[in-house]
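Convention: sequence-line order gives letters A, B, ...; per-chain numbering from 1.
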Amino acid sequence: MCNPGRGCKPDGVTCVHLLRACAHLGALDFGERVHRYIDENGYGNAINLRNSLIAMYSKCGNLDKAFQIFQQMTERNVVTWSAMISGMAMNGNGEDAIEAFKEMQRMGVPPDEQTFTGVLSACRHGRLVDEGLRLLEHMEMEFGLQPNVYHYGCVVDVLGRAGLLDQAYKLINSMRVEPDATIWRTLLGACRIHEDFALGERIIGHLIELKAQEAGDYVLLLNIYASIGNWNKVADVRKLMKEKGIQTTPGCSTIELDHKIHELVVDDDSHPRKKEIYETLREIEQQLKIAGYVAEISSELHDMDSKNKGDALCYHSEKLAIALGVLSTPPGAAIRVANNVRICIDCHNFAKLLSSVYSRKVIIRDRNRFHHFEQGHCSCNDYW
DNA sequence: CTAGGGTTAG
């Protein structure tokens with residue numbers, strides 16, 4: 001960690017940067033080394049470093065450790081509270097996040113815009129409709145803070161998922177800020193869940209006006225048509241994407257083993273241990289099938305026959321990373337994987353079952369949030 | 001030079 005040969009010793013500022021990098025990568029081991037370095041060098045009393053540690057541990061999925069640091073702090077400012085609230089939200093402890101939000105006010109620390117980002121995220125992840133609406137109102141009336149498009153987006157998401165599509169649409173139109181493409185996409189996602197094609201197509205109109213060239217818009221459009229089984233329209237959209245040269249991001253997972261980050265992609269055939277990985281994966285699948293695992297085919301958007309779907313789903317990068325984790329760590333050790341896209345329902349089932357059959361905690365950070373799998377259950381509140 | 005947030009979809 002230190003470079004004595006050049007007489008250049010990392011200081012507190014260096015550590016702040018390092019912790020941010022660890023948080024971004026989900027590199028818990030390295031983050032822990034930075035933590036030890038901070039303590040050994042007496043940097044640990046600086047409030048910005050304690051706050052950075054809370055964020056790092058939260059973003060690496062170790063909420064207990066983040067909370068431990070939080071509890072040991074004698075001085076807590078708005079950043080401390082916001083970091084803790086966001087950490088609870090992203091790790092699936094929505095109720096705790098709201099409790100913490102109330103507690104900070106009892107302690108006389110006024111929330112700011114970023115605190116509301118955290119607590120409204122908690123409402124979104126926890127599906128807390130009334131709480132979300134109430135907070136959005138209090139934000140303006142009680143604290144004089146102008147909600148931004150993300151704050152509104154959380155409440156639109158919560159309303160939409162609850163099936164209150166009209167109310168969500170009205171909220172977007174009543175905003176004092178301009179709706180962006182993302183907030184329309186949020187509502188479009190809800191239209192897909194509740195199969196509201198009329199509103200869905202109206203929203204696509206708004207999206208095309210704003211920035212129609214984004215891959216995500218077309219993917220959502222695909223989802224709507226796929227969920228009603230209109231494969232002709234799906235094919236049309238795919239053709240359009242091809243013509244415009246629009247590509248979707250390939251799935252990619254990372255796992256940290258012996259202080260090294262291993263990166264795996266969908267259908268990876270370039271990893272030096274690919275033979276072992278695929279062997280382990282097949283062995284795991286056999287074990288899981290005995291326990292009742294059935295490949296979930298509905299998460300594929302292609303109109304293939306079931307057999308092909310079953311095969312295609314075997315090689316998602318998170319499964320490869322989990323297999324590498326199983327074969328590289330001692331029995332019972334936790335497996336931590338970071339994913340660049342959202343986990344699919346099949347890999348979610350796979351991890352859930354693996355956590356019970358192999359008696360391992362599996363912690364997956366996806367594009368959205370953390371999934372803590374333990375004894376056949378997941379901490380997440382989503383519909384799977 | 002430094003601390004807290006981030007949506008939909010694949």
| field | A/Gln114 side-chain proximity, nearest of B/dG10, B/dG6, B/dG4 | value | B/dG4
| note | Here the gap from A/Lys352 atom NZ to A/Cys347 atom SG, rounded to the nearest 0.5 Å, amounts to 13.0 Å
| note | Out of B/dA3, B/dG5, B/dT8, minimum distance to the side chain of A/Arg124 belongs to B/dT8
| task | State which of B/dT7, B/dG4, B/dG5 makes the closest approach to the side chain of A/Thr182. | result | B/dT7
| Any idea which heavy atoms bring A/Val341 and A/Gly251 closest together, and the distance? | CG2-CA, 4.2 Å
| query | Within the pair A/Arg76 and B/dG4, is there a side-chain N or O less than 4.0 Å away from OP1 or OP2? | reply | no
| Whole-Å distance between B/dT8 C1' and A/Ile193 CD1? | 10 Å
| task | Would you please classify the geometry between the A/Trp81 ring and the A/Phe70 ring as parallel, tilted or perpendicular, with 30° and 60° separating the classes? | result | perpendicular
| query | Quick one: is B/dT8 close enough that its OP1 or OP2 comes under 4.0 Å of any side-chain N or O from A/Arg192? | reply | no
| query | Do the side-chain N or O atoms of A/Arg185 get closer than 4.0 angstrom to the phosphate oxygens (OP1, OP2) of B/dA9? | reply | no
| field | Sugar-phosphate, base or nothing in reach of A/Asn148, heavy atoms under 4.0 Å | value | base
| query | Using a cut-off of 4.0 Å on non-hydrogen atoms, how would the nucleic acid contact of A/Val156 be classed: base, sugar-phosphate, or nothing? | reply | nothing
| Picking from A/His377, A/His125, A/His348, what satisfies ring-ring contact (aromatic ring centres under 6.0 Å, His included) with A/His371? | A/His348
| Side chain of A/Ala55 - closest among B/dG4, B/dC1, B/dT8 | B/dG4
| said: Can you measure A/Arg127 atom CZ to B/dT7 atom P for me and round it to whole angstrom units? | reply: 13 Å
| query | Between B/dG4 atom P and A/Leu19 atom CG, what is the distance in whole Å? | reply | 9 Å
| task | Tell me what A/Thr186 touches on the nucleic acid: a base, only sugar-phosphate, or nothing, going by heavy atoms under 4.0 Å. | result | base
| Nearest-Å distance, CE (A/Met84) to C1' (B/dA3)? | 15 Å
| Minimum heavy-atom distance A/Ala66-A/Ile54, with the two atoms named | CB-O, 3.7 Å
| Does A/Lys59 put a side-chain nitrogen or oxygen below 4.0 Å from OP1 or OP2 of B/dG5? | yes
| query | Roughly, in whole Å, what's the span from CD1 in A/Ile204 to P in B/dT8? | reply | 17 Å
| task | Describe the nucleic acid contact of A/Thr14 in one word from base, sugar-phosphate, nothing, applying a heavy-atom distance below 4.0 Å. | result | nothing
| request: Send over the distance from A/Ile343 CD1 to B/dT8 P, rounded to a whole Å. | output: 15 Å
| query | So what does A/Met90 hit on the nucleic acid, given a heavy-atom distance under 4.0 Å: a base, only sugar-phosphate, or nothing? | reply | sugar-phosphate
| message | Considering every strand and a 4.0 Å limit on heavy-atom distances, what is the contact class for A/Arg20: base, sugar-phosphate, or nothing? | response | sugar-phosphate
| field | Distance, rounded to the nearest Å, where A/Tyr152 contributes OH and B/dG5 contributes P | value | 23 Å
| Could you give the OH-to-C1' distance, from A/Tyr57 to B/dA3, as a whole number of Å? | 16 Å
| message | Any base atoms under 4.0 Å from A/Ile47, or only sugar-phosphate, or nothing? Heavy atoms, all strands. | response | base
| field | Residue A/Asn48, side-chain heavy atoms: nucleotide from B/dG5, B/dG4, B/dT2 that is nearest | value | B/dT2
| Which nucleotide sits closest to the side chain of A/Asn77: B/dG4, B/dA3, B/dT8? | B/dA3
| said: Atom CG of residue position A/Asn148 - does it have more than 12 heavy atoms of other residues, nucleotides or ligands inside 6.0 Å? | reply: yes
